[in-house]
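Below is one structure; the comments refer to it alone.
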Amino acid sequence: MFDFVIAGVQAPIALLMFVGFTVGIVGGFIGVGGGYMVTPALIVFGFPGYMASGIDMTHIAGKGLVSTLRHRQLGNIDWTLALTMVAGTMLGVELGVRTLVYFKKAGTAGIVLLVTSVVVMFTLFLYTQIETRRSHRQMKLLATQGRDPGRELHTSSLPKFFQSINLLPIVRCRTARVVVSMWVIVLVGAVTGFLAGFLGVGGGFIRVPALVYLVGASTHIAVGTDLVEIVFSGGYGALRHSIEGHVDMMAVLFMISGALFGAQLGSIATAYVRGPAIRYVLSYSLILATLGAAMRLIYVLSGQKNEWLSLIAVMLTLGEMIFLCLFIISLLYFARRNRRGEWVPDWVKPLVIT
Amino acid sequence: MTTPTTDTLEKAKGGGIMKWVLNSMWAYWFLLLGVSLGCAAAIYLIWLKGTM
């Protein structure tokens with residue numbers, strides 16, 4: 001146990017490093033900050049809510065930078081897309097925060113936040129899961145015909161619609177190989193920013209599917225590009241929380257020491273898999289986070305009487321981090337076996353790059 | 001000398017329940033989820049039970 005003087009709590013160092021490591025892998029692989037996993041975990045460890053947000057945000061900024069640098073080396077960042085989207089994101093976050101203040105004044109913020117989280121995450125899970133399974137089947141079919149499915153395949157028809165909007169100026173995103181109206185990117189940034197600002201999260205789990213299914217970027221590019229946004233938003237959030245005195249730097253230090261390794265491993269793992277593998281992990285992350293939020297919602301609605309509901313929510317939060325981490329590491333392991341020509345399960349073959 | 005994991009995979013090629021678990025995405029998913037929730041329960045019992 002380490003005595004965190006600023007936060008005024010005692011927590012095990014190994015656990016903080018472990019959380020940093022697991023969320024680092026997940027963040028580097030699916031391009032999210034992981035605030036929806038880390039903040040509840042830190043609260044469970046005994047940190048006050050405001051301190052948990054501050055520590056989380058500061059660690060996300062550091063970890064996001066490491067992942068971004070690694071994804072830059074892998075050629076997964078489209079700077080035009082990232083910087084155009086920042087404008088819309090800022091506007092959306094501001095609107096989201098104002099809406100949240102409105103519900104706070106009405107005294108319904110807690111329940112509205114939980115209900116919105118459950119609805120948004122479950123909808124994203126359903127769409128991502130159904131589409132990814134369709135892509136997976138198509139990749140299997142291509143593989144049986146002896147054709148190389150390439151690094152990316154998605155079956156959504158939404159990008160074609162959004163790319164057909166001819167509203168000037170038209171932006172050419174060279175790395176993402178997307179030609180689309182600037183207003184579409186700004187609108188996507190604004191909508192995802194609104195949800196992020198309203199829900200009080202970084203919004204990576206909303207932006208990555210939006211970049212893939214609305215803008216038409218490949219999953220790898222969506223992950224790398226979203227991490228750029230996370231560095232901006234995390235850096236600003238870290239600064240604001242530090243000024244308010246919401247950051248215990250020792251806790252951040254322990255978490256980042258784990259996250260540095262995790263973020264690199266997660267980012268490198270993307271080079272071994274095809275787009276649908278990343279989207280599968282993203283959808284699993286969404287459904288487990290949905291279940292955790294649903295448990296908390298039922299706990300709140302039942303007048304906070306059933307303690308076992310709160311306990312299940314804790315188990316799901318911790319279990320989710322471990323599950324996603326194990327899934328990514330096993331995919332990496334299978335991908336390496338596949339490259340060596342060794343046996344791997346049939347469902348893995350279309351998901352990994354040979 | 002092979003590692004235990006490699007050994008398990010080698011056996012899975014032959015058949016049996018391990019092959020079924022590894023070859024079915026959902027079965028593998030539930031196996032990992034079970035292991036993860038078990039680890040989460042262990043973390044709770046070792047570190048968090050008294051603090052919550």
Side-chain angles (χ1 to χ4, degrees), chain A residues 1 9-16 18-19 22 41 43-47 129 132-133 136 140 277 280-281 283-284 287-288 291-292 307 310-331 333-334 336-337 340 342-351, chain B:
Chain A
M1 286 283 183
V9 293
Q10 286 189 329
I13 295 170
L15 204 51
L16 286 177
F18 176 72
V19 168
T22 51
I43 292 171
V44 168
F45 300 164
F47 287 88
Q129 181 65 215
T132 307
R133 289 191 80 79
H136 191 179
K140 269 184 197 165
Y280 265 134
V281 176
S283 72
Y284 297 155
I287 188 61
L288 293 171
L291 286 175
E307 283 300 322
S310 171
L311 187 65
I312 292 176
V314 171
M315 290 296 160
L316 278 169
T317 305
L318 289 173
E320 177 188 5
M321 289 190 287
I322 301 167
F323 168 79
L324 296 173
C325 183
L326 286 178
F327 198 87
I328 293 165
I329 291 174
S330 63
L331 269 180
Y333 174 71
F334 285 137
R336 288 182 65 84
R337 279 184 67 90
R340 291 198 298 264
E342 294 170 10
W343 183 88
V344 291
D346 291 338
W347 60 269
V348 171
K349 285 176 192 164
L351 297 177
Chain B
M1 197 175 151
T2 55
T3 62
T5 323
T6 311
D7 194 38
T8 312
L9 285 177
E10 293 303 324
K11 280 179 191 165
K13 278 192 284 188
I17 198 159
M18 199 60 202
K19 182 179 181 180
W20 180 79
V21 169
L22 284 172
N23 264 330
S24 157
M25 196 175 179
W26 282 110
Y28 185 68
W29 196 93
F30 278 108
L31 174 75
L32 281 192
L33 188 65
V35 171
S36 309
L37 290 175
C39 291
I43 288 173
Y44 170 76
L45 289 173
I46 295 167
W47 279 306
L48 304 171
K49 201 176 180 186
T51 59
M52 276 181 66

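Throughout, a chain's letter reflects where its sequence line sits, starting with A, and its residues are numbered from 1.
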Exercise for review: Below 4.5 Å from any heavy atom of chain A, which atoms of B/L33 appear? Answer side chain, backbone, both or neither.
Suggested key: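 Its backbone and side chain both get close to chain A.
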**Study point:** Top contributor to chain B contacts, counting heavy-atom pairs under 4.5 Å, from A/V348, A/V9, A/L15, A/L318
**Key:**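 Maximum pair count with chain B is reached by A/L15.
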Check your understanding: What part of A/L288 gets closer than 4.5 Å to chain B, counting heavy atoms only: side chain, backbone, both or neither?
Key ->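 Only the side chain of A/L288 comes within 4.5 Å of chain B.
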For a quick test of reading the model, state the closest non-hydrogen atom pair linking [X] to [Y] and the distance between them.
X	Y	answer
B/A40	A/G319	CB-N, 3.7 Å
A/D346	B/N23	N-OD1, 3.1 Å
B/L37	A/M315	CD2-O, 3.8 Å

Exercise for review: Report the relative orientation of the aromatic rings in B/Y28 and A/W347; use parallel for angles under 30°, tilted for 30 to 60°, perpendicular for over 60°.
Suggested key: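 Aromatic pair B/Y28/A/W347 classed tilted.
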Check your understanding: Given A/Y284 and B/L32, is the side-chain contact (heavy atoms from CB on, under 4.5 Å) satisfied, shown in steps?
Key -> CA-CA 12 Å; A/Y284 297 155; B/L32 281 192; over 6 Å; no
**Study point:** Pair A/F323 and B/W29, ring centroids less than 6.0 Å apart
**Key:**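 Yes: the rings meet the under 6.0 Å criterion.
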